[in-house]
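Keep in mind that this is a model prediction, so the values were computed, not measured. Quick note: residue numbers are just sequence positions, from 1.
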Amino acid sequence: EQGLLDRTLLVLASDHGEEFLEHGHMMHCRGIWSTLSHVPLIFWLPGAVDGRRVSAAVENLDIVPTILDYLGIPTDGYGFEGESLRPLAEGREATGRYAFADQGRYRSVDDGRFHLIYDGVEKSAVLFETAADPLEQHDLFAPDHPALAPLTAALDRWLSATGQALRFEDAFAAARAKEEELRALGYLQ
């Protein structure tokens, strides 16, 4: 009644999904398949006249830069890993966008169509086309798959940029410690 929604930017987000035996696990913190990492991210933007669904890869890291962009606050110099989603919200094409994830032994990259998951313990990888296979049940990994080279290059860049390239065992140990901490709090079973 007061028209507050007309001048309010609203964001609904989730930090993770849940597994219900799609990959042999229950609940979360067991991997980074799309059932766990593809979560709702909804923006209500003042003045927007239509809804838009974006298929490009986006991350929760993009939330703060997007809010600041809409508020007219420059983000230069803050070191945000994410980037504003305003161009996507306003209908511009997304090129070269990737979403990255890590959980315990797994690292992944998603380009909005294909999802590559690398297992650092087994030293193996799987590849899924998420639109055609949203539960990621059909591994398409093949050394000559056309999506593999750009995804692998993007994942390598991200691992190097985040200092994870040589510390997989440390990350796995830290994830196990965090899991035990969450179990002690009753958050995990």
Side-chain angles (χ1 to χ4, degrees), residues 11 13-17 23 28-41 43 54-69 74-90 92-134 136 138-178:
V11 181
S14 177
D15 61 340
H16 62 77
H23 302 98
H28 60 279
C29 294
R30 302 288 185 262
I32 49 177
W33 296 278
S34 287
T35 50
L36 296 164
S37 61
H38 190 181
V39 295
L41 177 56
F43 282 84
V54 173
S55 63
V58 301
E59 302 177 279
N60 282 352
L61 292 170
D62 300 324
I63 294 171
V64 171
T66 303
I67 292 170
L68 293 175
D69 187 1
T75 59
D76 298 339
Y78 288 105
F80 291 120
E81 288 182 42
E83 58 187 86
S84 176
L85 299 175
R86 188 173 189 167
L88 295 176
E90 294 175 356
R92 285 177 253 158
E93 275 296 309
T95 56
R97 284 195 64 95
Y98 296 99
F100 301 97
D102 64 78
Q103 173 65 44
R105 64 197 277 172
Y106 302 104
R107 302 295 181 269
S108 79
V109 58
D110 187 324
D111 67 1
R113 180 175 176 197
F114 289 100
H115 188 198
L116 175 67
I117 302 172
Y118 176 72
D119 182 329
V121 173
E122 296 293 325
K123 307 289 189 237
S124 62
V126 291
L127 178 68
F128 302 101
E129 186 172 6
T130 53
D133 182 16
E136 296 180 331
H138 306 287
D139 181 10
L140 302 176
F141 186 89
D144 61 344
H145 194 287
L148 193 58
L151 289 170
T152 301
L155 185 59
D156 285 344
R157 282 190 306 273
W158 179 71
L159 289 171
S160 292
T162 57
Q164 299 184 64
L166 302 173
R167 298 190 340 241
F168 234 113
E169 289 76 19
D170 293 345
F172 189 45
R176 279 193 170 159
K178 180 57 77 177

Quick one, [X] and [Y] - any side-chain contact, counting heavy atoms below 4.5 Å?
| X | Y | result |
| --- | --- | --- |
| L151 | D110 | no |
| F128 | L140 | no |
| L41 | L85 | yes |
| L155 | R107 | yes |
| D102 | L159 | no |
| T152 | Y118 | no |
| D69 | T75 | no |

Could you tell me which non-hydrogen atom of [X] sits nearest to which non-hydrogen atom of [Y], and how far apart they are?
| X | Y | answer |
| --- | --- | --- |
| N60 | A13 | OD1-CB, 4.2 Å |
| L116 | A125 | CD1-CB, 4.0 Å |
| A154 | V109 | CB-CG2, 4.2 Å |
| P150 | A147 | CD-O, 3.4 Å |
| S84 | P65 | N-CB, 3.7 Å |

### Query
With E90, which residues qualify under side chain to side chain donor-acceptor pair (under 3.5 Å), at least two apart?
R86, R92
### Task
Kindly write out the residues that satisfy side chain to side chain donor-acceptor pair (under 3.5 Å) with D62, not counting sequence neighbours, or none if the list is empty.
R97
### Query
Taking only residues two or more places apart in sequence, or in another chain, which ones meet H145 in a ring-ring contact (aromatic ring centres under 6.0 Å, His included)?
F114
### Message
The criterion is ring-ring contact (aromatic ring centres under 6.0 Å, His included); which residues satisfy it with F141, sequence neighbours excluded?
### Response
none
### Task
Show the numbers, then the answer: is there a side chain to side chain contact (heavy atoms under 4.5 Å, CB included) between L68 and F80?
CA-CA 11 Å; L68 293 175; F80 291 120; 3.7 Å; yes
#### Entry: Results of side-chain contact (heavy atoms from CB on, under 4.5 Å) for L61 - residues two or more places apart only
E59, E81
As an exercise, state the distance from [atom1] of [X] to [atom2] of [Y], rounded to the nearest 0.5 Å.
| X | Y | atom1 | atom2 | result |
| --- | --- | --- | --- | --- |
| S108 | D119 | OG | CG | 12.0 Å |
| L88 | T66 | CG | OG1 | 8.5 Å |
| H115 | Y98 | NE2 | OH | 13.5 Å |
| F100 | T162 | CZ | OG1 | 9.0 Å |

#### Entry: D139 (side chain) donor-acceptor with L127 (main chain) under 3.5 angstrom
yes
### Task
Kindly write out the residues that satisfy salt bridge (charged side-chain N to carboxylate O under 4.0 Å, His left out) with R113, not counting sequence neighbours, or none if the list is empty.
E129
